[in-house]
Amino acid sequence: MANSPAKKKVGVLISGRGSNMEALIEASNRPDCPYEITLVFSNIEDAQGLKTAEEAGIKTAFLDHRGHGGRAAYDQKVLAILQEAKLDIVVLAGYMRIVTPEFVSAWKGRMLNIHPALLPSFTGLDTHKRALESGVRWHGCTVHFVTSELDAGPIITQAAVPVYENDTEDSLAKRVLKEEHRIYAEALEDLAADRLILKDNRVFHKKG
Ligand code: GRF
């Protein structure tokens with residue numbers, strides 16, 4: 001029997017609840033999944049996602065973002081933690097930090113983010129509130145490679161959901177989140193299985 005390729009080592013960066021991280025952990029439990037999550041890192045000590053990761057038996061790390069004398073110094077320390085863990089891929093999943101260009105270039109083509117809107121619409125925060133206020137009929141989520149421009153890297157995949165007239169921020173967020181969990185696992189699996197080709201600002205999926 002041919003040996004299957006080694007699973008890619010993935011680190012997930014979170015700041016809070018960690019439901020996307022949980023969806024990725026769940027997907028990684030499939031025996032044929034091309035990645036394993038070997039580290040969950042947070043800048044927030046009591047992030048719920050850190051507890052979930054520990055319960056799942058995954059190594060966790062925490063470093064408070066305050067008191068390092070600036071973003072660059074902090075990111076360098078986080079980089080060292082990630083490098084020490086010998087990761088292949090870094091996944092931002094509700095990591096509420098803007099990362100430095102040095103951080104981005106260390107993981108170029110190997111760092112993903114999920115954004116709760118159909119980019120390039122509604123970059124930044126409060127996406128569900130802004131979607132409702134703008135009256136769009138469709139909203140959704142996007143998985144993209146991380147570049148130094150916020151929420152603007154090459155798009156890997158998106159999912160759209162309808163916006164209903166009786167929607168609240170919460171009901172809309174819930175509908176979007178369900179799709180986030182699905183497309184994030186799919187995109188990470190494609191990256192880990194080397195099925196994505198990045199050319200200029202576009203992502204192509206290998207056939208087969
Ligand atoms: C998600 O909506 C994600 O798209 C955004 O922050 C939220 C994090 O949720 N970046 P969770 O921590 O994954 O539950």
Side-chain angles (χ1 to χ4, degrees), residues 8-21 23-24 27-28 34-35 37-44 47 49 61 63 65 70-127 140-159 176-177 179-205:
K8 297 272 167 53
K9 290 186 192 316
V10 173
V12 185
L13 274 53
I14 61 165
S15 295
R17 178 178 57 183
S19 72
N20 276 289
M21 172 209 76
L24 300 178
S28 76
Y35 67 86
I37 295 174
T38 55
L39 180 71
V40 173
F41 171 86
S42 181
N43 63 316
I44 304 287
L63 185 65
H65 54 274
R71 195 178 292 281
Y74 177 73
D75 270 6
Q76 256 179 27
K77 291 176 193 168
V78 179
L79 257 186
I81 293 172
L82 303 182
Q83 273 152 4
E84 162 91 30
K86 299 202 182 338
L87 303 172
D88 299 299
I89 297 170
V90 168
V91 168
L92 309 183
Y95 184 57
M96 302 305 283
R97 301 270 314 156
I98 292 175
V99 291
T100 57
E102 291 70 30
F103 193 94
V104 171
S105 70
W107 294 99
K108 189 167 186 284
R110 301 188 298 145
M111 178 156 61
L112 304 184
N113 182 43
I114 187 143
H115 183 72
L118 290 171
L119 292 173
S121 294
F122 309 120
T123 59
L125 298 174
D126 297 326
T127 56
C141 48
T142 304
V143 179
H144 64 93
F145 282 108
V146 178
T147 57
S148 34
E149 202 183 330
L150 184 70
D151 299 331
I155 291 172
I156 297 168
T157 186
Q158 297 185 297
V176 172
L177 193 64
E179 293 303 301
E180 291 187 34
H181 296 166
R182 183 178 65 79
I183 68 169
Y184 216 177
E186 280 175 13
L188 178 56
E189 189 166 333
D190 280 344
L191 178 64
D194 298 317
R195 288 195 290 260
L196 300 180
I197 303 163
L198 182 53
K199 261 194 207 149
D200 303 321
N201 199 41
R202 290 183 68 190
V203 178
F204 298 86
H205 291 73

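By the side-chain hydrogen bond (donor to acceptor under 3.5 Å, both in side chains) test, Lys9 is found to be paired with no residue, residues two or more places apart in sequence or in another chain being considered. Residues passing the side chain to side chain contact (heavy atoms under 4.5 Å, CB included) test with Ala80, sequence neighbours excluded: none. By the side chain to side chain contact (heavy atoms under 4.5 Å, CB included) test, Ala187 is found to be paired with Val143, Ile156, Thr157, residues two or more places apart in sequence or in another chain being considered. By the side chain to side chain contact (heavy atoms under 4.5 Å, CB included) test, Ala152 pairs with Glu149, sequence neighbours left out. Taking Ile98 as the reference, Arg71, Leu150 meet the side chain to side chain contact (heavy atoms under 4.5 Å, CB included) condition, with sequence neighbours excluded. Remark: Thr100 engages Asp75 in a side-chain hydrogen bond (donor to acceptor under 3.5 Å, both in side chains) (not counting sequence neighbours). With sequence neighbours excluded, the residues forming a salt bridge (charged side-chain N to carboxylate O under 4.0 Å, His left out) with Glu186 are Arg182, listed by chain and number. Taking Asp194 as the reference, Lys8 meet the side-chain hydrogen bond (donor to acceptor under 3.5 Å, both in side chains) condition, with sequence neighbours excluded. For Tyr35, there are no ring pair (Phe, Tyr, Trp, His ring centres under 6.0 Å) partners two or more places apart in sequence or in a different chain. Among residues two or more places apart in sequence or in another chain, the side-chain hydrogen bond (donor to acceptor under 3.5 Å, both in side chains) test is passed with Thr142 by Gln158.
Atom CD1 in Ile81 sits 5.0 Å away from atom CG in Leu63 (nearest 0.5 Å). Rounding to the nearest 0.5 Å places CD1 of Ile89 at 13.0 Å from CG of Leu82. Within the model, atoms CG of Asn20 and CG of Leu112 stand 11.5 Å from one another, a figure rounded to the nearest 0.5 Å. In this structure, the separation between CE on Met21 and CD1 on Ile14 is 5.5 Å, given to the nearest 0.5 Å. Here the CD atom belonging to Gln76 is positioned 10.0 Å from the CD atom belonging to Gln83, to the nearest 0.5 angstrom.
For the side-chain hydrogen bond (donor to acceptor under 3.5 Å, both in side chains) condition, the pairs that include at least one residue of residues 104-113, sequence neighbours left out, are Asn113-His144. Residue pairs meeting the ring pair (Phe, Tyr, Trp, His ring centres under 6.0 Å) criterion with at least one member in residues 74-95, sequence neighbours excluded, are His68-Tyr74.
Residues His181 and Ser19 have side chains that bring a donor and an acceptor to within less than 3.5 angstrom of each other.
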